[in-house]
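Side chains included, hydrogens not; waters and symmetry mates left out as well; all remaining heavy atoms used.
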Amino acid sequence: MKKLILFLFLGTLALNAYAQMRKPTWRPDWTFRQPAPENSTYMYVVEHGEGKTKREALNQAIGRVFQSTANRIGSVVSTDEINRAVQAGQDYEVIARNMKVPVNKVCEFAIQDTTDYSWTMYILCQVAKSGNITPEFETSEECTKHTIFDEAMAQWNSQVKKREDEEKQREAEERRRIKREQRKIDGTALAASFFIPGAGQMYKGKGGVGAGILVGELALVGGGVTCYFFGKKQLEVMRGINVEYDAFHSAQKLYNTMRITSFSCYGAAAALYIFNLCNAYMIEPDHWKHPVYFSATTIPTCEFSTPTYAMGASVQIKF
């Protein structure tokens, strides 16, 4: 039972760790894949920024968008100039007009890390495809669409369910294995106690209980046999030819007492034997490595003539 509880506990921990590590974080589709433009005058760009605050992450993402766009269209704009405009909190249209870098923000999405509480900001922008074309921006992109996330989540749920089913199957197999082993142990203990009272309890690690049953059984049977023969001796006295009345009466009284005691010992021995069988089958073992071992052995009986061997059985009892 301890092994089963440990197995279930470790399996639950492993499943939780797997789920936490693999579970997708909610994000809209455009953070996974750049949308296709509706005309040939512009293109979509997705950039992200990181920072201790949401504004700091947004400023970094904006700076990256303007810098990459300026480099592509051949606009001479310094990074410091872009950073100063972004830090000043200027709007996209203002920065784009002043620096002559066509950028139109469409969507933004922020994620906060639950460990260090830092922010990651994603922004989706429409930018000029080249420097000699005036872009005709569209604003029809749906910022909250999450088809890709739904597919990833469905796949993750499928993997988790498969993992849970595998864990349940392994747990069921482990329970069946333990049950088979328990039935085997119980059957062996019952057979051992059938031939030697108390041996089944010793096999299951209950050495004190087994020894007590064995001693009790021997004492009861021995007491019954002793009383039987002592009563039989009194019966012979009663059947004597020249026995006196007082001696006959005393022998008869003692004979009846010994007979009742003998039957009581036999009855108690039978009850103890039945209890021994039931207890050997039902008692829980102390551990899975049992202290009683049965083994067969061969012993050579002659060294100089034709070899002969004697078969024997050994029983090892560990207390």
Side-chain angles (χ1 to χ4, degrees), residues 19-157 159:
Q20 293 297 328
M21 181 176 61
R22 301 276 183 170
K23 186 175 182 179
T25 304
W26 190 93
R27 284 163 54 186
D29 282 355
W30 58 266
T31 61
F32 293 98
R33 183 174 57 206
Q34 290 184 185
E38 297 183 7
N39 61 66
S40 60
T41 63
Y42 71 93
M43 61 182 295
Y44 281 102
V45 171
V46 177
E47 290 287 355
H48 76 283
E50 300 173 352
K52 294 182 179 179
T53 64
K54 194 174 182 179
R55 184 63 198 183
E56 191 176 312
L58 178 61
N59 289 345
Q60 187 181 96
I62 295 172
R64 288 177 176 175
V65 169
F66 276 98
Q67 187 65 58
S68 63
T69 304
N71 293 339
R72 188 179 59 260
I73 67 176
S75 178
V76 182
V77 180
S78 67
T79 304
D80 293 338
E81 188 179 357
I82 294 175
N83 289 338
R84 281 195 299 269
V86 171
Q87 294 296 332
Q90 295 182 9
D91 199 3
Y92 287 85
E93 292 81 3
V94 176
I95 300 175
R97 185 173 59 252
N98 292 341
M99 298 186 181
K100 297 180 181 180
V101 179
V103 173
N104 178 46
K105 190 199 77 165
V106 180
C107 304
E108 65 179 36
F109 177 74
I111 301 176
Q112 188 177 24
D113 196 323
T114 57
T115 56
D116 59 359
Y117 300 102
S118 62
W119 285 88
T120 300
M121 176 67 73
Y122 293 87
I123 58 174
L124 174 66
C125 295
Q126 295 168 328
V127 300
K129 195 167 186 179
S130 61
N132 58 356
I133 298 178
T134 302
E136 298 176 6
F137 295 135
E138 305 286 346
T139 57
S140 59
E141 180 63 29
E142 187 178 349
C143 294
T144 58
K145 189 177 180 181
H146 48 81
T147 306
I148 298 176
F149 169 78
D150 290 342
E151 293 174 355
M153 196 66 186
Q155 184 178 4
W156 178 81
N157 288 332
Q159 292 175 351

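The closest side-chain heavy-atom distance from Lys23 to Met153 is below 4.5 Å. Counting heavy atoms from C-beta outward, Lys52 and Trp119 have side chains that stay 4.5 Å or more apart. Contact annotation: the side chain of Val127 never approaches that of Tyr42 to less than 4.5 Å [non-hydrogen atoms, C-beta and beyond]. Proximity of Ile123 to Val65: side-chain heavy atoms (C-beta onward) are separated by under 4.5 Å at one or more points. Contact annotation: the side chain of Gln126 never approaches that of Met43 to less than 4.5 Å [non-hydrogen atoms, C-beta and beyond]. Side-chain contact between Asn39 and Glu138 is present, with heavy atoms from C-beta onward closer than 4.5 Å. The closest side-chain heavy-atom distance from Thr69 to Arg72 is below 4.5 Å. For the pair Arg27 and Phe109, the minimum side-chain heavy-atom distance is below 4.5 Å.
Using a distance-only test at 3.5 Å, with no hydrogens or angles considered, a donor-acceptor pair links the side chain of Gln34 to the main chain of Tyr44. Looking at Thr41, its side chain does come within 3.5 Å of a backbone N or O of Glu136 through a donor-acceptor pair. Glu47 contributes no side-chain N or O that, together with a main-chain N or O of Ala61, makes up a donor-acceptor pair within less than 3.5 Å.
The two residues Ala128 and Ile133 have their closest heavy-atom pair at CB-O, 4.4 Å. In terms of heavy-atom proximity, Gly63 sits nearest to Ile82 at CA-CG2, 3.9 Å. In this structure, Lys100 and Ser75 approach most closely via the heavy-atom pair O-OG, 4.2 Å.
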Before giving the answer on side-chain contact (heavy atoms from CB on, under 4.5 Å), spell out for Tyr122 and Ile111 the whole-Å C-alpha distance, their side-chain angles and the decisive distance to 0.1 Å. CA-CA 8 Å; Tyr122 293 87; Ile111 301 176; 4.1 Å; yes
Run the side-chain contact (heavy atoms from CB on, under 4.5 Å) test on Ser118 and Gln112 for me, step by step, so that the C-alpha distance in whole Å, both residues' side-chain angles and the decisive distance to 0.1 Å come before the verdict. CA-CA 6 Å; Ser118 62; Gln112 188 177 24; over 6 Å; no
What do the steps show when you test Thr144 against Glu142 for side-chain contact (heavy atoms from CB on, under 4.5 Å), and what is the final call? CA-CA 6 Å; Thr144 58; Glu142 187 178 349; 4.0 Å; yes
For side-chain contact (heavy atoms from CB on, under 4.5 Å), just list the numbers for Thr120 and Asp113, CA-CA rounded to whole Å, side-chain angles, deciding distance to a tenth of an Å, and then say yes or no. CA-CA 8 Å; Thr120 300; Asp113 196 323; over 6 Å; no
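For the atom pair Ser130 OG and Ile73 CD1, the distance stands at 8.5 Å (nearest 0.5 Å). The distance from the CD atom of Glu93 to the CZ atom of Arg97 is 8.0 Å, given to the nearest 0.5 Å. Once rounded to the nearest 0.5 Å, the distance linking OG1 of Thr31 with NE2 of His48 reads 11.5 Å. Between atom CG of residue Asp29 and atom CD of residue Glu151 there is a gap of 8.0 Å, rounded to the nearest 0.5 Å. Between atom CH2 of residue Trp30 and atom CD of residue Glu108 there is a gap of 8.0 Å, rounded to the nearest 0.5 Å. If you take CG on Asp150 and NZ on Lys145, they are separated by 11.0 Å, rounding to the nearest 0.5 Å.
Taking the ring centroids of Phe149 and Trp156, they lie at or beyond the 6.0 Å cut-off.
The stretch residues 87-120 participates, sequence neighbours left out, in these disulfide bond (SG atoms under 2.5 Å apart) pairs: Cys107-Cys143.
No more than 12 heavy atoms of other residues, nucleotides or ligands shown are found within 6.0 angstrom of NZ on Lys129.
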